[in-house]
Amino acid sequence: MGRRIDPALAKARMIEKRRWPVALFSRVNDPWPSRCMDCGEYGEPRLNDLTRQGGCDPCGRNAGADQRRVPESVAIEEIRAKGVAPVGRFPGVDVPWHCRCVVPGCAGQQGITPRLVDARRAKKSACKYCSGKAVDPLVAFNDMVFLGGMLPIEPYSRANNPWRCVCIAHGHPVSPSLTNVRGRKSRCDGCAPNTPYSDAEARNIAWENGFVPDADAPYPNTSKPWSGRCREKNHRCSPTLGNLIAGQGPCLACRRTGFNPDKPALVYLIVHDGLDVAKVGICGSTVNRITIHEGHGWRVHETLHLPVGADAALIENRIKHLWFKTRSWAHGVSKEQMPQGGHTETVALAQQAGRIAIDDLWKDIETEHTEISMPLPSPRDGGRAR
């Protein structure tokens, strides 16, 4: 049996909670038909529940929403601080908001819909592309080409979905996912080392890759050496067909690499505004790695042309020692955030000791260039420092 209470006192408590009884009071634990005195909503709350929780559920929810409501001017300031600019009216903290990314070249400039509540939790950017939560279709296309050696033949959908492509090397149809290509877990089945080939097929593939097998040397398999000569210089060599398919070249004497220390090269400083990091790097003057980085949202700050690649490599090594050993600066990104490679040369622009200016990083590179360009002391001056 419920606790007894004077009906007049019970009605006074009900009215105090902004509810008007429409039936006689019975007991404190029994439902009591009543209406909200503010919105008119009908309900049957118990008097005991009213004393603890309040009068009307809809009015309570609206009051909570009012407390969470943010002025549009404040919301615009908050969302802009996260690297995106609104293009529509502020709809509320939990509602998608039509915006554009402010980073030049980012796919988010075509339109994104972050929520303010998510933007507040974002560490750097509210743009789904800059934060790595979504993939720019152009970046995805470049990754398939440069990392996987595959040319997409349909629009990009999602990172884990099969993506119809053709193998660039031999035109085989393939459907890897972008995730597997980035993780080096996918390759063309037709180009795999264990793919069975006839002798005629293997010789055609070898010829296309710069190798001429000996006429009396039958094709062994893709993983065993095959005697013959390179097409370019007629050198004797014995590559495997698997290495030829992988693009390693037939002949060690003629093999070319992406960076030649004896040829001209570039030292470059690039910046990713969305990740708030910078990177030093080197590349050959003909094999320009900068283009690959640009496809991943990086922009070029400065480049330095050097006639000898070995000097570029020396500058890069000295800069890495200066930044990460002498000054103990933190790296900018992880390996997973930079699938095209090069994360060990990145530096976070926001350090514990203060923010690093991009121009100061370039001054470091120019200083190192000046140091290695100074002439060595001659024996006549007693070996004094340069």
Undergrad: For V95, what are the other residues in its hydrophobic cluster, where any two members join if their side-chain heavy atoms are less than 4.5 angstrom apart?
TA: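 Listed partners: none, V95 stands alone.
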Undergrad: When you group the ILVMFWY residues by side-chain heavy-atom contacts below 4.5 Å and let the links chain together, are V87 and Y129 in the same group?
TA: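 No.
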Undergrad: How long is the straight-line distance from CZ of R158 back to CG of L178, given to the nearest 0.5 Å?
TA: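 Going from CG on L178 over to CZ on R158, the span is 12.0 Å.
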Undergrad: D311 and H369: side-chain hydrogen bond (donor to acceptor under 3.5 Å, both in side chains), yes or no, with the steps?
TA: CA-CA 8 Å; D311 289 344; H369 177 232; over 6 Å; no
Undergrad: Using a distance-only test with no angle check, is there a side-chain donor-acceptor pair under 3.5 angstrom linking N160 and T179?
TA: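 Present: a donor and an acceptor within the cut-off.
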Undergrad: Do Q337 side-chain atoms and S334 backbone N/O form a donor-acceptor pair below 3.5 Å?
TA: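 Indeed, once roles are kept as given, a pair shorter than 3.5 Å links the two residues.
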Undergrad: Just wondering, are more than 12 heavy atoms of other shown residues or ligands nearer than 6.0 Å to NZ in K133?
TA: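 No, NZ of K133 has 12 or fewer neighbouring heavy atoms, counting only those of other groups under 6.0 Å.
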Undergrad: Considering residues, nucleotides and ligands other than Q352, do more than 12 of their heavy atoms fall under 6.0 Å from its CD?
TA: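 Result for CD/Q352: open.
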Undergrad: Would you say the side chain of H305 lies within less than 4.5 Å of the side chain of L266, judging by non-hydrogen atoms?
TA: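 Result yes, sub-4.5 Å side-chain heavy-atom pair found.
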Undergrad: May I ask you to decide whether K363 forms a salt bridge with D359, counting only side-chain N to carboxylate O separations under 4.0 Å?
TA: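 No.
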Undergrad: May I ask you to check whether over 12 heavy atoms, not counting those of R236, lie within 6.0 Å of atom CZ?
TA: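 Above 12, so yes.
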Undergrad: Side-chain heavy atoms nearer than 4.5 Å, only ILVMFWY residues, links allowed to pass through others: does that put W329 and L322 together?
TA: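 They do share one cluster, since a chain of ILVMFWY contacts under 4.5 Å joins W329 to L322.
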Undergrad: Within this structure, what is the SG-NZ distance for the pair C106 and K128, rounded to the nearest 0.5 Å?
TA: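 Result: 10.0 Å between the selected atoms.
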Undergrad: Are V271 and V102 connected into the same hydrophobic cluster when the rule is that any two of I, L, V, M, F, W, Y join if their side-chain heavy atoms are below 4.5 Å apart?
TA: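 V102 does not cluster with V271.
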Undergrad: Nearest heavy-atom pair of G228 and D214: which atoms, and what distance?
TA: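 So the two residues come closest at CA-OD1, 3.3 Å.
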Undergrad: I'd like to check the salt bridge (Lys or Arg N to Asp or Glu O under 4.0 Å) partners of R100; sequence neighbours left out, ordered by chain and number.
TA: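 For R100, no residue satisfies salt bridge (Lys or Arg N to Asp or Glu O under 4.0 Å) once neighbours in sequence are set aside.
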Undergrad: Working note: I365 + H301, criterion side-chain contact (heavy atoms from CB on, under 4.5 Å); need CA distance, chi angles, decisive distance, verdict.
TA: CA-CA 12 Å; I365 294 174; H301 179 73; over 6 Å; no
Undergrad: What pairs of donor and acceptor atoms, side-chain ones from residues 274-281 against any protein atom, are under 3.5 angstrom apart with sequence neighbours left out?
TA:
| from | atom 1 | to | atom 2 | distance (Å) |
| --- | --- | --- | --- | --- |
| D276 | OD1 | R355 | NH2 | 2.6 |
| D276 | OD2 | R355 | NH1 | 3.0 |
| K279 | NZ | E345 | OE1 | 2.9 |

Undergrad: If I compare all heavy atoms of L47 with all of F25, which pair ends up nearest, and what's the gap?
TA: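 Closest heavy-atom pair between L47 and F25: CD2-CE1, 4.0 Å.
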Undergrad: Compare every heavy atom of P86 with every heavy atom of I79, then report the nearest pair and how far apart it is.
TA: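 Taking every non-hydrogen atom into account, CG2-CD, 3.7 Å.
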Undergrad: With E366, which residues qualify under side chain to side chain donor-acceptor pair (under 3.5 Å), at least two apart?
TA: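 In terms of side chain to side chain donor-acceptor pair (under 3.5 Å), with neighbours along the sequence ignored, E366 is linked to W362.
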Undergrad: Who pairs with E72 by salt bridge (Lys or Arg N to Asp or Glu O under 4.0 Å), at least two apart in sequence or on another chain?
TA: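 Scan of E72 (salt bridge (Lys or Arg N to Asp or Glu O under 4.0 Å), adjacent residues dropped) gives R89.
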Undergrad: Which distance, rounded to the nearest 0.5 Å, do you find between the CG of D136 and the CD of Q110?
TA: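 So the gap between those two atoms works out to 9.0 Å.
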Undergrad: Could you check whether any side-chain heavy atom of C36 comes within less than 4.5 Å of a side-chain heavy atom of R19, counting everything from C-beta outward?
TA: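 A side-chain contact under 4.5 Å exists here.
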Undergrad: Using 0.5 Å steps for rounding, measure from the SG atom of C127 to the CD atom of Q109.
TA: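 That separation rounds to 9.0 Å.
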Undergrad: Hydrophobic clusters join Ile, Leu, Val, Met, Phe, Trp and Tyr when side-chain heavy atoms are under 4.5 Å apart, directly or via other members; which others share one with M37?
TA: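 Same cluster as M37: I15, W20.
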Undergrad: Taking all atoms of both residues into account, what is the closest heavy-atom pair of C101 and I112, and its distance?
TA: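 Residues C101 and I112, closest heavy atoms: N-CD1, 4.1 Å.
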Undergrad: Do the side chains of P137 and P155 get nearer than 4.5 Å, heavy atoms only?
TA: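 Result no, sub-4.5 Å side-chain heavy-atom pair not found.
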Undergrad: Give the C-alpha distance, both sets of side-chain angles, the deciding distance and a yes or no for side-chain contact (heavy atoms from CB on, under 4.5 Å) between T303 and I290.
TA: CA-CA 10 Å; T303 59; I290 297 176; 4.0 Å; yes
Undergrad: Report yes or no: does H331 contribute a side-chain atom to a donor-acceptor pair with the main-chain N or O of T346 at less than 3.5 Å?
TA: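 Side chain of H331 to backbone of T346: a pair is present.
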Undergrad: Roughly how far apart are D94 CG and D118 CG, rounded to 0.5 Å?
TA: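 The CG atom of D94 sits 8.5 Å away from the CG atom of D118.
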Undergrad: Start with the C-alpha gap between Y156 and M144, add the side-chain angles, then the distance that decides, and say whether side-chain contact (heavy atoms from CB on, under 4.5 Å) holds.
TA: CA-CA 11 Å; Y156 169 73; M144 296 298 284; over 6 Å; no
Undergrad: Ignoring hydrogens, what is the shortest heavy-atom contact between L306 and I315? Give both atom names and the distance.
TA: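 Reported closest heavy-atom pair: CD1-CD1, 3.8 Å.
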Undergrad: Do C165 and P152 come within less than 4.5 Å of each other through their side chains, counting heavy atoms only?
TA: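 Yes. Closest side-chain heavy atoms under 4.5 Å.
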Undergrad: I'd like to know if the side chain of W97 reaches the main chain of G88, judged simply by a donor and an acceptor atom lying under 3.5 Å from each other, with no hydrogens or angles considered.
TA: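 Yes; judged by distance alone, with no hydrogens or angles, the pair exists.
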Undergrad: For the residue pair L116 and F90, establish whether any side-chain heavy-atom pair is separated by less than 4.5 Å.
TA: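 Yes, at least one pair of side-chain atoms sits under 4.5 Å.
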Undergrad: Could you tell me which residues satisfy side chain to side chain donor-acceptor pair (under 3.5 Å) with S131, sequence neighbours excluded, listed by chain and number?
TA: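 S131: no side chain to side chain donor-acceptor pair (under 3.5 Å) contacts found.
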Undergrad: Do the ring planes of W226 and Y219 sit parallel (below 30°), tilted (30 to 60°) or perpendicular (above 60°)?
TA: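 If you compare the ring of W226 with that of Y219, the planes turn out tilted.
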Undergrad: Mind checking who shares a hydrophobic cluster with V212, ILVMFWY linked at side-chain heavy-atom distances under 4.5 Å?
TA: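 Noted: V212 shares its cluster with W207.
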Undergrad: Using the test salt bridge (Lys or Arg N to Asp or Glu O under 4.0 Å), find all partners of E77 that sit at least two apart in sequence or belong to another chain.
TA: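 Applying salt bridge (Lys or Arg N to Asp or Glu O under 4.0 Å) to E77 gives none.
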Undergrad: Measuring from I319:CD1 to E368:CD, what's the distance to the nearest 0.5 Å?
TA: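 If we round to the nearest 0.5 Å, I319:CD1 and E368:CD are 4.5 Å apart.
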Undergrad: When clusters are formed by joining ILVMFWY residues with side-chain heavy atoms under 4.5 Å apart, either directly or through shared neighbours, do I282 and V347 land in the same one?
TA: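 Hydrophobic grouping puts I282 with V347.
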Undergrad: How would you list, by chain and number, every residue that makes a side chain to side chain donor-acceptor pair (under 3.5 Å) with W323, sequence neighbours excluded?
TA: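 For W323 the side chain to side chain donor-acceptor pair (under 3.5 Å) partners, ignoring immediate neighbours, are D364.
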Undergrad: Among all residues two or more places apart in sequence or in another chain, which pass the side chain to side chain donor-acceptor pair (under 3.5 Å) test with E294?
TA: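 For E294 there are no side chain to side chain donor-acceptor pair (under 3.5 Å) partners, ignoring immediate neighbours.
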Undergrad: Taking only residues two or more places apart in sequence or in another chain, which ones pass salt bridge (Lys or Arg N to Asp or Glu O under 4.0 Å) with E78?
TA: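 With neighbours one apart ignored, the set is R120.
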Undergrad: Could you check whether any side-chain heavy atom of R121 comes within less than 4.5 Å of a side-chain heavy atom of R115, counting everything from C-beta outward?
TA: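 In contact.
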Undergrad: Which heavy-atom pair separates Y42 from V22 by the least distance, and what is that distance?
TA: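 Looking at all heavy atoms of both residues, the closest pair is CE1-CG2, 4.2 Å.
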Undergrad: Do W32 and V28 share a hydrophobic cluster, counting only Ile, Leu, Val, Met, Phe, Trp and Tyr and linking them when any side-chain heavy atoms are less than 4.5 Å apart?
TA: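 W32 clusters together with V28.
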